[in-house]
Amino acid sequence: MTEESKNLLGQFIPIQYHHHMLQDVARMQGFKNAIDLIIKPTDVVLELGGGTGVLSYFAAQHAKKVYCVEYNPELVAEAKRLHKLNPNCEKIEVICGDAMQYVPPEKIDVVVCEMLHSAMLREIQLEGIDAFKRNYQAKWGGNLPIFIPGATLLGVQPIYQDFKFEGYYAPVIMFQNPYSLDGRTTEMGDVVVYHQIVYDQPYDLSIQWSGKLTVNTPGKINALRFITKNILAVNPQTQQIVDWSNGHLILPLDEIEVTPGKEILVSFEYDSGAPLTALRPVITV
């Protein structure tokens, strides 16, 4: 992957964007709860793609040592500055490096990685963790660390989306808050899980699916909604799941008139980390 493609695909997220992630309550609480649940005082932790270093800060409240790897030199400097303002961050070593190549100087107990985008597009979560597993086992062998998140589920759903904005019809790719209802969206069928990733298991870097979506509401379908749910941790005592969802990705389609019981045949194939425009489903009714 070239430097230019990394910039285009979100690997060099500008520093001014990171306040959005710090203000994302679901994201922050989800990762904090998972880290509080999993990380023990004897653990050595690695964060891949550290950004402002907030997840490394959460880890440092419990761990013995935290390595925080960030590719963007500007964010490396910012993470170091912010860590000086917060407790227990003397345990954190911030490294300016490429997550695709970095190998820690000691064995790791837990890996935290949030290089995630909707439908696994734009960011290199799959590619980065896959590279880490190869590099880590080549040097250290043995068992892999625990991963936060541990798994990701991808779903797709037929919808009707109101694409008029003050009278201007603009069917464009959109994102939607997964934790609130949008009155401009009508669900035309149920969510179908089309792919799942378990991070400590082997997986492909490309995603393919062909299947059926059943209509349960009369009207029109003019979009597919892609849902990305991350299983951050599972409490072994209660079996309660700590999860967090990326923004729903809404992909416009040509309008299709449907009635309940109709089946929509959908197929698509794309590489993880590719641009949003790489997801171009083929639709038939």
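- Hydrophobic clustering (ILVMFWY, side-chain heavy atoms < 4.5 Å, transitive): I250 and M188 are in distinct clusters.
- Around atom NZ of K220, no more than 12 heavy atoms belonging to other residues, nucleotides or ligands sit under 6.0 Å away.
- Ring pair W140/Y136 is tilted by interplanar angle, where 30° to 60° counts as tilted.
- Nearest approach of K139 to P105, heavy atoms of both residues: NZ-CA, 4.3 Å.
- In this structure, the separation between CD1 on I39 and CD on Q61 is 10.5 Å, given to the nearest 0.5 Å.
- Judged by distance alone, the side chain of T228 and the main-chain N or O of A119 form a donor-acceptor pair under 3.5 Å.
- With sequence neighbours excluded, no residue forms a salt bridge (charged side-chain N to carboxylate O under 4.0 Å, His left out) with K80.
- D271 is not listed as a side-chain neighbour of L205, based on a closest heavy-atom distance of 4.5 Å or more.
- Atom OH of Y168 sits in a sparse spot, with 12 or fewer heavy atoms from other residues, nucleotides or ligands closer than 6.0 Å.
- For E269, there are no side-chain hydrogen bond (donor to acceptor under 3.5 Å, both in side chains) partners, not counting sequence neighbours.
- Shown here for L154 and I197, the closest heavy-atom pair between the two residues is CD1-CD1, 4.4 Å.
- Using modelled atom types, one side-chain atom of E70 and one backbone atom of G51 make a donor-acceptor pair closer than 3.5 Å.
- No continuous path of ILVMFWY side-chain contacts below 4.5 Å connects V193 to I241, so the two sit in separate hydrophobic clusters.
- Here the side chain of D109 pairs a donor or acceptor atom with the backbone of V44 at under 3.5 angstrom.
- The one candidate from Y270, F175, F268, W209 that meets the ring-ring contact (aromatic ring centres under 6.0 Å, His included) condition with F226 is F268.
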Requested in this report: List the steps and the verdict of side-chain contact (heavy atoms from CB on, under 4.5 Å) for Y67 and I95.
Outcome: CA-CA 7 Å; Y67 296 97; I95 299 115; 3.9 Å; yes

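- To the nearest 0.5 Å, atom CE of residue M115 and atom CD of residue E123 are 8.0 Å apart.
- In terms of hydrophobic clustering, with Ile, Leu, Val, Met, Phe, Trp and Tyr side chains grouped at heavy-atom distances under 4.5 Å, V191 and V156 are assigned to different clusters.
- Side-chain contact between V242 and N235 is absent, with no heavy atoms from C-beta onward closer than 4.5 Å.
- The environment of Q208 atom CD is dense: over 12 non-hydrogen atoms of other residues, nucleotides or ligands sit within 6.0 angstrom.
- At least one donor-acceptor pair closer than 3.5 Å links the side chain of N33 to the backbone N or O of Q29.
- Taking all atoms of both residues into account, the shortest heavy-atom contact from L213 to P158 is CD1-CD, 3.8 Å.
- A distance of 9.0 Å separates CD1 in I173 from CG in L121, rounded to the nearest 0.5 Å.
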Query raised in the report: Hey, mind stepping through E114 and R27 against salt bridge (charged side-chain N to carboxylate O under 4.0 Å, His left out) and telling me if it holds?
Result: CA-CA 10 Å; E114 199 276 89; R27 172 186 182 269; 2.6 Å; yes

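- Under the 4.5 Å side-chain heavy-atom criterion for Ile, Leu, Val, Met, Phe, Trp and Tyr, Y199 and M100 are members of the same hydrophobic cluster.
- When all heavy atoms of N216 and E187 are compared, the closest pair comes out as OD1-O, 4.4 Å.
- By the neighbour-count criterion of 12 heavy atoms within 6.0 Å, atom NZ of K229 is sparsely surrounded, having that number or fewer from other residues, nucleotides or ligands.
- Looking at R184, its side chain does come within 3.5 Å of a backbone N or O of K164 through a donor-acceptor pair.
- Annotation for P149 and N230: closest pair CB-CB, 4.3 Å, computed over non-hydrogen atoms.
- Other residues, nucleotides and ligands contribute only 12 or fewer heavy atoms inside 6.0 Å of the CD atom of Q240.
- Remark: the backbone N or O of Q201 is paired with a side-chain donor or acceptor of K133 at under 3.5 angstrom.
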Requested in this report: Evaluate the side-chain contact (heavy atoms from CB on, under 4.5 Å) criterion for residues I256 and N222: first the C-alpha distance (whole Å), next the side-chain angles of each, then the deciding distance (0.1 Å), finally the verdict.
Outcome: CA-CA 6 Å; I256 305 170; N222 67 351; over 6 Å; no

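- Side-chain atoms of D24 never come within 3.5 Å of backbone atoms of H20 as a donor-acceptor pair (strictly under, hydrogens ignored).
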Report task. Would you please test E93 and V66 for side-chain contact (heavy atoms from CB on, under 4.5 Å) and show each step? Result -> CA-CA 6 Å; E93 181 178 343; V66 181; over 6 Å; no

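- In this structure, the side chain of Q137 engages the main chain of G142 through a donor-acceptor pair within 3.5 Å.
- Residues P145 and V110 fail the side-chain proximity criterion, which asks for heavy atoms closer than 4.5 Å.
- In this structure, L85 places its CG atom where more than 12 heavy-atom neighbours from other residues, nucleotides or ligands lie under 6.0 Å away.
- When the side chains of ILVMFWY residues are joined at heavy-atom separations under 4.5 Å, either directly or via intervening members, F132 and Y203 end up in a single hydrophobic cluster.
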Requested in this report: Please test H62 against I38 for side-chain contact (heavy atoms from CB on, under 4.5 Å), starting from the C-alpha separation and ending with a verdict.
Outcome: CA-CA 9 Å; H62 306 282; I38 288 177; over 6 Å; no

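- A pairwise comparison of heavy atoms in E47 and S56 identifies OE1-OG, 2.5 Å as the closest pair.
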